[in-house]
Peer 1: 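Before we start, here is the structure in question, set down as structure tokens.
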Amino acid sequence: MEHKEDKLKEVISHAKEYGFVFPSSEIYDGLAATYDYGQLGSELKNNIKSYWWKSMVQMHENIVGIDSAIFMHPTTWKASGHVDAFNDPLIDNKDSKKRYRADVLIEEFIEKIRMKIEKEVEKGIKKFGDDFDETQFRATHPNVLRNKEKINEIEDRMRETLGKNDLEGVYNLIVDLEIACPISGTKNWTEVRQFNLMFSTELGSVAGDASTIYLRPETAQGIFVNFLNVQKSGRMKIPFGIAQIGKAFRNEIVARQFIFRMREFEQMEMQFFVRPGEEMKWYEYWKEARSNWHKALGLGDHNYRFHDHIKLAHYANAAADIEFNFPMGFKELEGIHSRTDYDLKQHEQFSGKKLQYFDPELNQNYVPFVVETSVGLDRMFLAVLSASHKNEVLEDGSERTVLTLPPALAPYKVAIMPLTKKDGLPEKAREIIDQLKFDFLCQYDEKDSIGKRYRRQDAIGTPFSVTVDHQTLEDHTVTIRDRDTMDQVRVNVADLFSIIDQKVNMRKLLV
Ligand code: ATP
């Protein structure tokens, strides 16, 4: 099996070589954890956005979308709790001078124990073969039980210390677990401190506290402050949702792992407003709906798992992550949170305005409860790209690198290639593009041998390549090649639209 770090490196260099993702301001040696999306990356990103927007807004008559400003009134962030509580506990290693999130160090330690359990189970499978009863093994094997208990103990202490903001307790836990710095290998730690993740800046020309504003750390608050505007102007009836795609900013302590954790990133969030008391039903509903949305892409169901939060955010009464099997292992891709009526109530209190809904069926006013789904667009991008990136050995022993992107998300849907640069073939190829370009992003390619051109299209995930040859001029037929099967068939030019559309249309993902 390929080493995980190598896999991530390979994906990063592939992304750069083919114009998906570049380090930002690279001519100045880049800016830490900031990336630019290139010509193919922005297409892929737009397609992911479109898949999300269509599935949320277009497929639900009770969900509408908005686009609120990044800057918001500073009181927003006092009300939401971000000024006081949007902190990460940080700790430095005195020898390597590296900074870590204390909770992440502990979680990584727990993950290592989990791996031990999995190894034990694998050993069991090897030893007992078909007779292996995994459930019983997990419930009874002494090593598994001991490790499970260890995990529970650590999680309990973590929940307790973090929950009470007991930073000394968090420090003691790290010391007790004998966690060492992965760089220096030493346990020479500083104390644990809190660090606010919001970026602040000054509004206008007046300096001083009164003019300090923040770059939004989440898009959700733009939805909450517009709750009543949308409800009234759209005549929305509960339950209903408001969706938004937009940039968010967090001064992450440790930003790394490519586009997984950035300081400027994009979120796709939806707040679903429900009757108080019905939130758990909707929480379960959205957990399932969002999981299905991911799985419909065909990246492999085994690559997803749910992780229920131990440490609930200050606003939530239930929360789960959908984790994806990234090259670095299973990590959070999306969060589904039951946020109660916390945000709207806080905004009522700080603004002095009523943010309530009159429920005609109950004949009563109330502050709705909220279930949120929040997925990082950049993490979606990394999930799609890394799961699609494959090195294949073909039957004839040759190799190819292919991106088996879900066709609906692929940047180019079809490449049109004249066999030679003469005899009117380029003109014919462009004629075909002129017919298809209203529906699909097409690429024209006439350079190098057909074989090389196929490889180039494989490497950027184009689902179809169409070759125009001399026969095309006589009978209006072309060769169409499928990226995944590499099968080539001769078809009529007039049939191209429906052949391509059938495979790349987003409709297939949405039903
Ligand atoms: P993490 O625990 O990884 O820091 P989080 O729990 O703080 O994430 P949320 O506040 O729930 O994240 O944000 C919702 C989604 O936004 C996450 O599931 C993730 O996909 C995305 N996201 C959050 N922070 C970042 C970041 N720094 N870079 C890229 N995407 C991010």
Side-chain angles (χ1 to χ4, degrees), residues 21 24 31-37 45 48-49 52 77 80-82 85-90 100-108 110-111 158 162 195-199 215-224 243-271 283 286-287 290-291 293-294 304-316 318-326 328-339 342-343 370-386:
V21 183
S24 170
L31 178 68
T34 316
Y35 292 91
D36 295 339
Y37 287 86
K45 209 172 164 197
I48 296 173
K49 281 193 215 180
W52 186 86
W77 307 110
S80 69
H82 283 83
F86 195 52
N87 301 316
D88 274 343
L90 68 83
Y100 299 91
R101 256 172 68 180
D103 56 328
V104 171
L105 278 183
I106 300 167
E107 261 160 19
E108 282 174 359
I110 294 174
E111 190 58 32
M158 195 165 124
L162 285 172
F195 177 78
N196 193 288
L197 298 183
M198 281 198 294
F199 281 101
L215 300 189
R216 66 178 176 202
E218 61 175 26
T219 61
Q221 297 304 325
I223 295 178
F224 290 126
Q244 164 153 246
I245 299 177
K247 289 259 179 169
F249 304 83
R250 296 181 188 179
N251 202 356
E252 298 278 2
I253 297 168
V254 204
R256 60 174 173 209
Q257 290 168 331
F258 194 36
I259 53 176
F260 180 82
R261 188 177 300 287
M262 296 194 288
R263 299 201 169 96
E264 171 182 346
F265 58 99
E266 215 160 338
Q267 290 186 314
M268 306 192 283
E269 296 199 298
M270 194 275 300
Q271 311 294 323
Y283 172 69
W286 282 110
K287 265 176 83 171
R290 294 302 304 146
S291 167
W293 181 87
H294 287 285
Y304 301 89
R305 72 179 188 199
F306 278 112
H307 167 78
D308 293 313
H309 280 209
I310 345 171
K311 184 199 163 207
L312 289 176
H314 56 277
Y315 49 74
D321 298 335
I322 296 176
E323 294 186 336
F324 185 76
N325 189 9
F326 287 100
M328 317 76 81
F330 275 95
K331 301 245 176 216
E332 171 175 346
L333 171 61
E334 169 154 5
I336 294 135
H337 309 128
S338 175
R339 288 179 83 128
Y342 177 85
D343 300 87
V370 171
V371 175
E372 158 185 86
T373 72
S374 173
V375 56
L377 177 52
D378 312 272
R379 287 193 191 175
M380 259 317 280
F381 188 105
L382 182 58
V384 170
L385 193 67
S386 59

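Numbering of ligands and ligand atoms starts at 1, following listing order. When reading the values below, keep in mind they use all heavy atoms of this one structure, side chains included, and skip hydrogens, waters and symmetry mates. On a predicted model such as this, the values are computed, not experimentally measured, just so you know.
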Peer 1: Out of Met262, Glu332, Glu264, indicate the one that has the non-hydrogen atom closest to atom 12 (O) of ligand 1.
Peer 2: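 Nearest heavy atom to atom 12 (O) of ligand 1 lies in Glu332.
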Peer 1: Hey, looking at atom 19 (C) of ligand 1, which of Arg379, Met380, His309, Gln257 has the closest heavy atom?
Peer 2: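 Checking each option, the heavy atom nearest atom 19 (C) of ligand 1 is found in Arg379.
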Peer 1: Please lay out, stage by stage, how Phe330 and Phe324 fare under the test ring pair (Phe, Tyr, Trp, His ring centres under 6.0 Å).
Peer 2: CA-CA 5 Å; Phe330 275 95; Phe324 185 76; 7.7 Å; no
Peer 1: Examine the proximity of ligand 1 to Arg101 and report which part, side chain or backbone, both or neither, has a heavy atom under 4.0 Å away.
Peer 2: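 Only the side chain of Arg101 comes within reach of ligand 1.
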Peer 1: Would Glu334 and His294 count as having a side-chain donor-acceptor pair, cut-off 3.5 Å?
Peer 2: yes
Peer 1: Mark up the atoms of ligand 1 that fall under 4.0 Å of a heavy atom belonging to Gly335, in ascending order.
Peer 2: 18 (O)
Peer 1: Could you find the nearest protein heavy atom to atom 16 (O) of ligand 1 and give me its residue, atom name and distance?
Peer 2: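 Of the protein heavy atoms, Gln267 NE2, 3.3 Å lies nearest.
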Peer 1: Using a strict cut-off of 4.0 Å, indicate which atoms of ligand 1 neighbour a heavy atom of Ser374.
Peer 2: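 Those qualifying, in numeric order: 13 (O), 14 (C), 15 (C), 18 (O).
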Peer 1: Is the contact between Arg261 and ligand 1 made by the side chain, the backbone, both, or neither, using heavy atoms and a 4.0 Å cut-off?
Peer 2: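 The answer is both, backbone and side chain.
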Peer 1: May I ask you to list the atoms of ligand 1 that are less than 4.0 angstrom from any heavy atom of Glu334?
Peer 2: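 So the answer, numbered in order with elements, is 18 (O).
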Peer 1: What protein heavy atom is closest to atom 22 (N) of ligand 1, reported as residue, atom name and distance in Å?
Peer 2: Phe265 CE1, 3.4 Å
Peer 1: Select one of side chain, backbone, both or neither to describe which atoms of Arg250 lie under 4.0 Å from any atom of ligand 1, heavy atoms only.
Peer 2: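 Side chain only.
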Peer 1: Give the numbers and elements of all ligand 1 atoms closer than 4.0 Å to a heavy atom of Glu252.
Peer 2: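 Every atom of ligand 1 under 4.0 Å from some heavy atom of Glu252: 24 (N), 26 (C), 27 (N).
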Peer 1: Check whether any heavy atom of Leu333 sits under 4.0 Å from an atom of ligand 1.
Peer 2: yes
Peer 1: With backbone taken as N, CA, C and O and side chain as the heavy atoms from C-beta onward, which portion of His337 lies under 4.0 Å from ligand 1: side chain, backbone, both, or neither?
Peer 2: side chain
